[in-house]
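One-based numbering, in listed order, for ligands and for the atoms of each. In what follows, residues are counted from 1 in the order of the sequence shown.
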Amino acid sequence: MKKDGLFHASTMLTFDTPLSSIGSIKKPTLSKLAHLDIFSVHDLLHHFPHRYEDYADLSPISDLVPDGKYTVEGKITSLQAGRTWKKKMFLTDITVSDGSGTLRALWFNQRFVAQTLREGMHVRLSGKVSRDKQGLSMTNPAYERAERDATHTGRLVPIYPETRGLTSRFFRWQLVNAFKNLKDFPDPIPEDILKRLHLPSLKAALYYIHFPESKKHELLARKRFAFEEMFFVQLKALQIRTLYEKSAATPIPFDEERIKSLVASLPFSLTDAQRKTSYEILRDLERPRSMNRLLNGDVGSGKTLVAALAAFSVAENGLQTAFLAPTEILARQHLESITRFFGKSGQSIALLTKSYRILDGRSVTRTTLLKALAAGIPKIVIGTHALLQDDVIFRDLALVVVDEQHRFGVAQRAKLQETSFDSHDGSPATIPHFLTMTATPIPRTLTLAFFGNLDVSIIDELPKNRKPIITSVALNDREKERVYQFIREEIKKGRQAFIIFPLIEESLALKEVKAAVVEHTRLAEHIFPDFRIGLVHGKMKSQEKEQAMEDFKNKKYDILVATAVVEVGVDVPNASCMIIEEAERFGLAQLHQFRGRVGRGEYQSCCFLFPHQQSPSSESHEGQNRESSRENERLKVLATKHNGFEIAEADLAFRGPGAFLGTRQSGLPDIAMENLANLKLVEISRNEAKNILKSDSALKKHPLLLDALKRFEERIHLE
Ligand code: ADP
Ligand code: MG
């Protein structure tokens, strides 16, 4: 980029012009902008306001009423600036007159205001009016010279998320400059699409979002950007999909008779949903293209067996499966169930985690296990992250199964997928088939928006013998005491109970331990003094956790107090009840997952939700009451609904996609996030994406789009 002349107003900017080459933006400001990922003119223009102040009408000063928000215009009749002697603050104090009356305006610690304004100048002020002994005034109002076009005042004034000391005023100012000096707004969205969907061009939309003259403008702009982002998401998803479609994988012939006889040997019959999804997967594996499929099913719906059938089919063909679990406890549980399912089939099964190396039921050294793996001996290898280490080499890896996929990072998944399947026979290298499983039921709309690159198989049915878990919300101390009493009686009958309380953020791990210990003590001393109470929390070593779980399973404890670490896994059929404390802090889907930990045995099970906020008490705030009763309404969904997918839909409706998925986790921009649940938008975007890729798969004919897509990719990480 040439430097000379760039700073003159007449100089053309482009989207790519770095802000560092704009003379008026100083170094410290540049570094603040960098923290917001704003480096270029393009980035600046795509930093959207999060709301607008409505200052559209000018008011005569005589009409102002205290506490209202107004825009006024008038002449500065006096100006004083200096330090207040009492508070040592820098104060700018002006009086403005418009003929109908006078108004004072005060700014604290904003020296530059005094430097910009002069007596006799015409100014426009926007802000909230208050009244004191000296009359009407505005404190720290937005201001500008009245001769100028209304930028900061006199309209819908954009308010930017003000971070790291960058004010909305700064952004508005820079944006005005950018619009003035930017001649070209190359639009990545082809014109025919915009026409078809009645969307504004990029230039119009950018202008509308930063300087709307009406609410209608703003909405039009948002509509365009919502489409744009969803369109990018779908383009990316479809491209990834095509890539998998192109990647060769080893076809796994589906021996229906063999699988049927194996299934017949199980102690139960498959549910219809298990049958259907197994079939989908086994058929998919037969193709010479890499399968990339998500298996989505409720807790306890029997996903393990479905995945295990796929692994079995692979094993029958002499090839290997890597079966990844997020924790050691779960990995061990998978080993147990898979051994139970297929133990008699004679297939070799192994487990590799940090603390366990097991080959066909025997403990071995790591070296022995790695050698066996490399020789292709164990056909089903279950493990944790430990399986992803560089020296772990498979001979014939043909299928990768990932349980609870959200717990593995994108990078780790990519690594797995890249693990190429060594070709001993000189045939071209292939990549493994890929099956990921999640127990977080994802509403249909989100599936398409989020996992548009995957095929999805859904298990929406539980095995027949399951009794729904009776669920209720305890609203006050009396109800809580009744729950405690109920649990005491259950324990006396020989049952066990879980008491779950929220996981405190990881960074507060020490606090979590403390909270766990405090809770444990409170329960042990005051509530259940006659019973044995165990404890697991996130900071325990996995061996210790495992030991505590094991002890609970072996009935050494009557009650297990746990932070959210027990979210997944652990079958304890004798545990029939559960209390979840501060339940409102969890998503419904997650609560539903927790309660799936009970009700695994023959007993009728119960789950009690204890919201933190007590409702309704006389001292508490009205707003708080409303909030907590809405929370309780949300929690009560669990009392009536037992299907994870319905629950997820309800939670989505209550909290919106952002809270539902966790914004940070998704990495998606806000506008896309807000619109994830907008099925129509998702479908339209997907169709347009399909359409364009059909005639131009590499987007060679759409260089602007290709470019924008690259930028987009840098910003987000698609699952
Ligand atoms: P999840 O989908 O939560 O991973 P699991 O695969 O752990 O569920 O299955 C939960 C339990 O249900 C396991 O003990 C499993 O053996 C059992 N199970 C699986 N399928 C069936 C079935 N069709 N009928 C009865 N029990 C089943
Ligand atoms: Mg599972």
Side-chain angles (χ1 to χ4, degrees), residues 259-260 262-281 293-312 321 323-344 349 351 380 382-384 401-408 435-442 456-469 498 549 553 565-576 578 589-603 605 607 642-645 647-648:
I259 299 280
K260 269 190 182 148
L262 181 81
V263 168
S265 77
L266 296 174
F268 45 72
S269 54
L270 298 191
T271 63
D272 287 344
Q274 280 176 316
R275 215 178 290 280
K276 186 173 140 269
T277 49
S278 304
Y279 203 83
E280 275 169 7
I281 293 165
R293 188 171 280 275
L294 175 74
L295 180 59
N296 192 184
D298 235 335
V299 196
S301 61
K303 293 184 292 294
T304 315
L305 177 59
V306 172
L309 284 175
F312 179 75
T321 296
F323 203 126
L324 275 160
T327 63
E328 288 205 315
I329 301 176
L330 267 184
R332 275 194 43 198
Q333 200 167 293
H334 283 327
L335 177 72
E336 277 167 31
S337 26
I338 292 174
T339 307
R340 206 163 357 103
F341 295 148
F342 306 139
K344 288 191 208 99
I349 305 176
L351 174 72
I380 302 177
I382 300 152
T384 51
V401 177
V402 184
D403 196 8
E404 299 301 334
Q405 58 88 31
H406 63 280
R407 286 161 175 263
F408 288 93
L435 179 66
T436 85
M437 303 196 278
T438 175
T440 310
I442 300 160
V456 181
S457 294
I458 292 179
I459 310 189
D460 53 3
E461 171 188 18
L462 294 182
K464 300 249 160 7
N465 54 0
R466 301 281 158 75
K467 299 189 190 83
I469 299 155
F498 282 106
M549 295 286 195
K553 213 168 167 168
V565 287
V566 292
E567 183 186 342
V568 283
V570 282
D571 252 340
V572 185
N574 190 50
S576 66
M578 172 178 283
Q590 203 182 4
L591 290 169
H592 178 64
Q593 252 171 313
F594 289 152
R595 78 171 166 185
R597 297 294 125 224
V598 293
R600 295 235 155 178
E602 66 209 87
Y603 311 104
S605 298
C607 175
H642 295 277
N643 177 312
F645 287 91
I647 288 166

For [X] and [Y], work out which heavy atoms get closest and say how close.
X	Y	answer
Y603	P573	CD1-O, 3.9 Å
A308	F323	N-CE1, 4.4 Å
D403	A325	CB-CA, 4.4 Å
P463	T271	CA-CG2, 3.5 Å
R595	I469	O-CD1, 3.2 Å
N643	D460	ND2-O, 3.8 Å

> Among side-chain atoms of H642 and D298, is any donor-acceptor pair under 3.5 angstrom?
Replying inline: no

Identify the protein heavy atom lying closest to [atom], giving its residue, its atom name and the separation to 0.1 Å.
atom	value
atom 10 (C) of ligand 1	R600 NH1, 3.8 Å
atom 5 (P) of ligand 1	T304 OG1, 3.6 Å
atom 13 (C) of ligand 1	D571 OD2, 4.3 Å
atom 11 (C) of ligand 1	R466 NH2, 3.5 Å
atom 21 (C) of ligand 1	F268 CE1, 3.4 Å
atom 9 (O) of ligand 1	G302 CA, 3.6 Å

>> Could you check whether any side-chain N or O of N296 sits under 3.5 Å from a backbone N or O of I458, counting only pairs where one atom can act as donor and the other as acceptor?
In response: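 Looks like no, no N/O pair under 3.5 Å.
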
> Does ligand 1 have an atom that lies less than 4.0 angstrom from a heavy atom of G596?
Replying inline: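 No; G596 lies far enough from ligand 1 that no heavy-atom distance drops under 4.0 Å.
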
> Is the closest heavy-atom distance from L266 to ligand 1 below 4.0 Å?
Replying inline: no

> Taking both backbone and side-chain atoms of G297, is any N or O found less than 3.5 Å from an N or O belonging to ligand 1?
Replying inline: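 Checking ligand 1 against G297, no N or O pair falls under 3.5 Å apart.
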
What part of [X], side chain from CB on, backbone N/CA/C/O, both or neither, has a heavy atom under 4.0 Å from ligand 1?
X	result
S337	neither
Q274	side chain
I459	neither

> By number and element, which atoms of ligand 1 are closer than 4.0 Å to a non-hydrogen atom of T271?
Replying inline: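 Once the distances to T271 are compared, the set is 23 (N).
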
>> Suppose I only count heavy atoms of S269 and a 4.0 Å limit; which atoms of ligand 1 are within that range?
In response: 22 (C), 23 (N), 24 (N)

> In Å, rounded to the nearest 0.5 Å, how long is the span from CD of Q590 to CZ of F594?
Replying inline: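 That separation rounds to 4.0 Å.
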
>> As a check for students: among P463, G300, A307, S301, identify the option with a heavy atom nearest to atom 3 (O) of ligand 1.
In response: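 When every heavy atom of P463, G300, A307, S301 is considered, G300 comes closest to atom 3 (O) of ligand 1.
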
> Hey, does L309 have a side-chain heavy atom less than 4.5 Å from the side chain of F342?
Replying inline: yes

>> Can you confirm whether some protein heavy atom lies under 4.0 Å from atom 27 (C) of ligand 1, or whether none does?
In response: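 Yes, because at least one protein heavy atom sits under 4.0 Å from atom 27 (C) of ligand 1.
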
